[in-house]
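Please read the structure below before turning to the comments.
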Amino acid sequence: MSKTNSRNEDLDDITMTAQELHILSELDSRQYGFLLLNQPENAKKKALVQKAVKYLQLMVVQARRQQKVQNENEPNNCQMKKISIDPKTWVKLGHFHLLLEDYRRALSAYQMFYKTQAENHWQDTTFLYGLGLVYFHFNAFQW
């Protein structure tokens, strides 16, 4: 019970202003190498990106939890309404992890986007660039 309450409180504590959302909307894989979040002058942006990552991860966990509860409540229903997470959420999460230099999580988020957008992934150039940077980090040069 306390875990559920603390997660809901964590989600409620994360509020962002319009200015913060605007800053986050401009961040993607193209800033990798130029925006160094580990530098002291970028401490505020790093805190903002970490806050956004926490929020997006909580949203994903909450959506998966709702899907699990729905599956438990209606196990025999073959045509269940699947709760979906917007594929752009995975890309943004991958970009944020890349900027934080958390390559494993960035790769995981990019792979989730690829899995959900297998037919149209090539149209998102920032995704391809971010994925390429992560592959380069892991010395995985073959597509």
Worksheet item: What is the distance from atom OG1 of T89 to atom CG of D86, rounded to the nearest 0.5 Å?
Response: 4.5 Å
Worksheet item: Is there side-chain contact between Q117 and N120, with heavy atoms separated by less than 4.5 Å?
Response: yes
Discussion item. Check this for me, if you would: do D28 and R30 make a salt bridge, where the nitrogen-to-carboxylate-oxygen distance has to be below 4.0 angstrom?
Written reply: yes
Discussion item. To the nearest 0.5 Å, what is the distance between CD on Q123 and CG on L128?
Written reply: 10.0 Å
Fill in: Any donor-acceptor pair under 3.5 Å from D124 side chain to F127 backbone
yes
Discussion item. Could you see if V69 belongs to whatever hydrophobic cluster contains V61? Use Ile, Leu, Val, Met, Phe, Trp, Tyr and a side-chain cutoff under 4.5 Å.
Written reply: no
Worksheet item: When you look at Q66 and Q70, which way does the side chain to side chain contact (heavy atoms under 4.5 Å, CB included) test go after all the steps?
Response: CA-CA 6 Å; Q66 286 176 350; Q70 186 179 14; over 6 Å; no
Worksheet entry | Backbone N/O of T17 and side chain of E20: donor-acceptor pair under 3.5 Å | yes
Worksheet item: So do the side chains of L37 and L35 get within less than 4.5 Å of each other, counting heavy atoms only?
Response: yes
Worksheet item: With H95, which of Y129, Y32, Y110 fulfils ring pair (Phe, Tyr, Trp, His ring centres under 6.0 Å)?
Response: Y110
Worksheet item: Above 12 or not: heavy atoms from other molecules or residues under 6.0 Å from CZ of F138?
Response: yes
Fill in: For Q57, side chain to side chain donor-acceptor pair (under 3.5 Å) partners two or more places apart
H97
Discussion item. Less than 4.5 Å apart, side chain to side chain, heavy atoms only: is that true for L131 and L107?
Written reply: yes
Discussion item. Is any side-chain heavy atom of E26 closer than 4.5 Å to one of H22?
Written reply: yes
Worksheet item: Between K51 and T15, is there a donor-acceptor pair closer than 3.5 Å when you use the side chain of the first and the backbone of the second?
Response: yes
Worksheet item: How close do A106 and G94 get, heavy atom to heavy atom, and via which atoms?
Response: CB-O, 3.6 Å
Worksheet item: Can you tell me how far CE of M112 sits from CD1 of I85, rounded to the nearest 0.5 angstrom?
Response: 6.5 Å
Practice prompt. If the plane angle is over 60° it's perpendicular, under 30° parallel, otherwise tilted; pick one for H137 and Y103.
Written response: parallel
Discussion item. For P87, is there any backbone N or O sitting under 3.5 Å from a side-chain donor or acceptor partner on K92?
Written reply: no
Discussion item. Counting only heavy atoms not in Q19 (residues, nucleotides, ligands), do more than 12 fall under 6.0 Å from its CD?
Written reply: no
Worksheet entry | Backbone of R104 reached by a side-chain donor or acceptor of S108 within 3.5 Å | no
Discussion item. If I compare all heavy atoms of N42 with all of L36, which pair ends up nearest, and what's the gap?
Written reply: ND2-O, 2.8 Å
Discussion item. Nearest 0.5 Å, please: how far is CG in L99 from CG in N38?
Written reply: 10.5 Å
Discussion item. Let me confirm one number: the CD1-CG distance from I23 to L48, rounded to the nearest 0.5 Å.
Written reply: 6.0 Å
